[in-house]
Amino acid sequence: MSYLTKNYNRKKIAFKNGKGSYLFSIKGKKYLDFIQGIAVNSLGHSHPKLNQVLTNQSKKLWHVSNAFLIPEGEKLAKKLAKKTFADFVMFQNSGAEATEAAIKAARRYFYSIGKPNKNRIICIKNSFHGRTLAAIYASGSKKMTEGFGPKVSGFDHFKFGDHQTLKKLINNKTAAIMVETIMGEGGIKVIPDWCLRGLRKLCNKKKILLILDEVQCGIARTGDFFAFENSRVKPDIVPIAKGIGGGFPIGAVLMNKKVASGMTPGSHGSTFGGNPLAMSVGNAVFDIVSKKSFLNEIKKNSNFFIKELNKVKEKYPKIIKEIRGRGFLIGLQLHNDQANFIKDLMKNKLLTIKASENVVRILPPLNVKKNELQKALKIIDKVCSTY
Ligand SMILES: *Cc1c(COP(=O)(O)O)cnc(C)c1O
């Protein structure tokens, strides 16, 4: 029997090692891993550079308190700020912590300018911002909040695309709008660029903050360093996590100068956030995935993959309803429940994971090879042909 709590519905497979896009089970089976820890292992498994950096740092220094300077963190924060809209960075350990800290930063900003009643955050219903108490109530999902009352207040919700309700919800207590640029768990739903620009305009007009949760869609996943980049919108606050650590737990909140002015000494903290081990790996991941040539390669390969997936959709229009997403954040929306489809892909040694709205989520490593994409396409086609 397992002594672990039953809060996961685990597949009965365990892995002994991984290499690039592949995972090897303890039973000796080889799987093409297009989950990659849910968009976490940006560079696949056991990347030589990351292995080297982690090993080197592990021999020097693992952890020191944030009561001291941590040069590796200073370095990564500078890189993130120089590359993006951000002026300042606050390191955490996970996505939920990053979104929580983003909420805190937004509230704290209005507090610091003498408007403590401006503290409500408007979010999309059934979005996903993590599993801490505030984050589940921010997500506005019945399933995630069930049994975890009392409710954490301060969140208002509108349905994806319901601009009228969104506008109505804004009042003098509103501090921010927080949305995922691309809804991950929610079914790979992309907020179009024109809509992001509309959100920015609306926030400017109402003098509230725009928080874009890029925990899943950020860090080169879409072929841009951030999913919102193409829209040319500048958010005020952006929580990141998943991809930046390449498998090492890292979270962070990026923010502009204005918001950061509220985060005075003692206002927030984290024991582990930004420790030398995490920061060394984060710097190495950043250096690779932020390169223009690497980003272009993602765009090229993902365009090919999405085009081919659309061909499979044309071939099986009764099975596949829509191909969603951007870059290597892809959703295969089926007409029917996707659970068996995912099982069949797995039987054919391709690992994918579900998202809402009958979506099969496909998350290759960003450095996936073209022949691996072709292999996956063959498996998807084969499984479709059996339905
Ligand atoms: C995964 C995810 C989170 C939560 O991250 P954890 O590291 O699991 O806490 C938050 N927001 C989004 C958009 C995510 O995809």
Side-chain angles (χ1 to χ4, degrees), residues 11 13 15-25 29-54 95 182 184-185 188 214-227 240-250 281-309 323-332 342 345-346 348-355 360-380:
K11 304 262 183 307
I13 310 180
F15 302 102
K16 89 173 173 290
N17 66 305
K19 184 78 201 143
S21 301
Y22 291 98
L23 272 174
F24 300 86
S25 77
K29 287 184 179 158
K30 182 181 176 183
Y31 292 87
L32 188 52
D33 180 12
F34 279 13
I35 302 176
Q36 292 291 337
I38 314 190
V40 165
N41 310 316
S42 318
L43 299 171
H45 298 281
S46 200
H47 189 276
K49 179 70 191 169
L50 301 191
N51 280 348
Q52 184 204 338
V53 166
L54 182 75
I182 300 177
E185 308 297 313
I188 316 295
E214 293 251 346
V215 169
Q216 187 159 163
C217 60
I219 321 301
R221 187 48 51 190
T222 59
D224 288 317
F225 189 75
F226 280 132
I240 62 170
K242 293 193 168 91
I244 186 66
F248 200 97
I250 304 179
V281 179
N283 272 294
V285 172
F286 179 94
D287 291 345
I288 296 172
V289 306
S290 63
K291 274 212 182 80
K292 194 91 201 133
S293 56
F294 188 83
L295 292 165
N296 284 339
E297 196 69 11
I298 296 171
K299 281 195 181 136
K300 196 182 85 192
N301 287 332
S302 62
N303 282 343
F304 159 78
F305 191 52
I306 291 172
K307 210 173 85 202
E308 292 299 312
L309 281 173
I323 308 295
R324 294 174 166 183
R326 205 189 283 160
F328 283 130
L329 182 56
I330 301 169
L332 211 73
I342 288 173
L345 291 174
M346 196 168 81
N348 285 279
K349 307 291 184 295
L350 173 63
L351 302 179
T352 59
I353 195 157
K354 68 174 183 183
V360 178
R361 210 169 357 158
I362 307 179
L363 304 159
L366 304 179
N367 56 354
V368 65
K369 298 193 178 77
K370 191 164 178 186
N371 70 308
E372 293 162 348
L373 294 172
Q374 282 162 332
K375 196 167 159 178
L377 287 163
K378 266 196 190 140
I379 297 172
I380 294 165

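Fair warning: this is a prediction, and the values are worked out from it, not measured in the lab.
Every side chain to side chain donor-acceptor pair (under 3.5 Å) that D287 has, sequence neighbours left out, goes to K79. Take F286 and apply the ring pair (Phe, Tyr, Trp, His ring centres under 6.0 Å) test, not counting sequence neighbours, and it matches F225. Considering only residues two or more places apart in sequence or on other chains, I342 meets the side chain to side chain contact (heavy atoms under 4.5 Å, CB included) condition with Q338, T352, K354, V360. S25 meets the side chain to side chain contact (heavy atoms under 4.5 Å, CB included) test with I13, F15, K27, K29, Y31; sequence neighbours excluded. For F328, there are no ring pair (Phe, Tyr, Trp, His ring centres under 6.0 Å) partners at least two apart in sequence or on another chain. Scored by the side chain to side chain contact (heavy atoms under 4.5 Å, CB included) test, K378 finds no partners at all (sequence neighbours excluded).
When all heavy atoms of A220 and L295 are compared, the pair lying nearest together is CB-CD2, 3.5 Å. Shown here for L363 and A39, the closest heavy-atom pair between the two residues is CD1-N, 3.7 Å. Of all heavy-atom pairs spanning G18 and S46, the tightest one is O-CB, 3.3 Å. When all heavy atoms of K242 and I38 are compared, the pair lying nearest together is CD-O, 3.2 Å. The shortest non-hydrogen separation linking L373 to P364 is CD2-CG, 4.4 Å. Residues V289 and F294 share a closest heavy-atom pair of CA-CD2, 3.5 Å.
With rounding to the nearest 0.5 angstrom, the CG atom of N348 is 6.0 Å from the CD1 atom of I379. Taken to the nearest 0.5 Å, the CG atom of N296 stands 11.0 Å off from the CG atom of N301. The distance from atom CG of L377 to atom CG of L309, rounded to the nearest 0.5 Å, is 5.5 Å. The structure places CD1 of I250 at 8.5 Å from CG of N283, a figure rounded to the nearest 0.5 Å.
A cation-pi contact, defined as under 6.0 Å to the ring centre and within 45° of the axis, is absent between K19 and F24. Both tests pass for K30 against the ring of Y22: distance under 6.0 Å to the centre and angle within 45° of the axis.
With a 4.5 Å cut-off on side-chain heavy atoms, L50 and V285 count as touching. Between Q216 and I182, every side-chain heavy-atom pair lies at or beyond the 4.5 Å cut-off. A 4.5 Å side-chain heavy-atom check between V368 and F34 finds at least one atom pair inside the cut-off. Residues I288 and H47 are in side-chain contact: their nearest non-hydrogen atoms beyond the backbone lie under 4.5 Å apart. Counting heavy atoms from C-beta on, the side chains of I362 and I380 come closer than 4.5 Å.
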Take L351 and L32 through the test side-chain contact (heavy atoms from CB on, under 4.5 Å) and record every step on the way to the result.
CA-CA 6 Å; L351 302 179; L32 188 52; over 6 Å; no
For I188 and I330, run side-chain contact (heavy atoms from CB on, under 4.5 Å): C-alpha distance rounded to whole Å, both residues' side-chain angles, the deciding distance at 0.1 Å, then the answer.
CA-CA 7 Å; I188 316 295; I330 301 169; 5.9 Å; no
Give the C-alpha distance, both sets of side-chain angles, the deciding distance and a yes or no for side-chain contact (heavy atoms from CB on, under 4.5 Å) between Q374 and F305.
CA-CA 8 Å; Q374 282 162 332; F305 191 52; over 6 Å; no
Show your reasoning for whether side-chain contact (heavy atoms from CB on, under 4.5 Å) applies to I240 and V215.
CA-CA 4 Å; I240 62 170; V215 169; 5.6 Å; no
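With hydrogens and angles ignored, the 3.5 Å screen pairs a side-chain donor or acceptor of E372 with a backbone N or O of K369. Without hydrogens or angle criteria, D33 side chain to S21 main chain gives no donor-acceptor distance under 3.5 Å. Between the Q36 side chain and the S42 main chain, no donor and acceptor come within less than 3.5 Å of each other.
Taking 4.0 Å as the cut-off between side-chain N and carboxylate O, K300 and E297 count as a salt-bridged pair. At a threshold of 4.0 Å, the pair R326-D224 does not count as salt-bridged, since none of the basic side-chain nitrogens sits closer than that to a carboxylate oxygen. Here R361 pairs with E185 in a salt bridge; the nearest charged N to carboxylate O distance falls below 4.0 Å.
By the neighbour-count criterion of 12 heavy atoms within 6.0 Å, atom NZ of K16 is densely surrounded, having more than that number from other residues, nucleotides or ligands.
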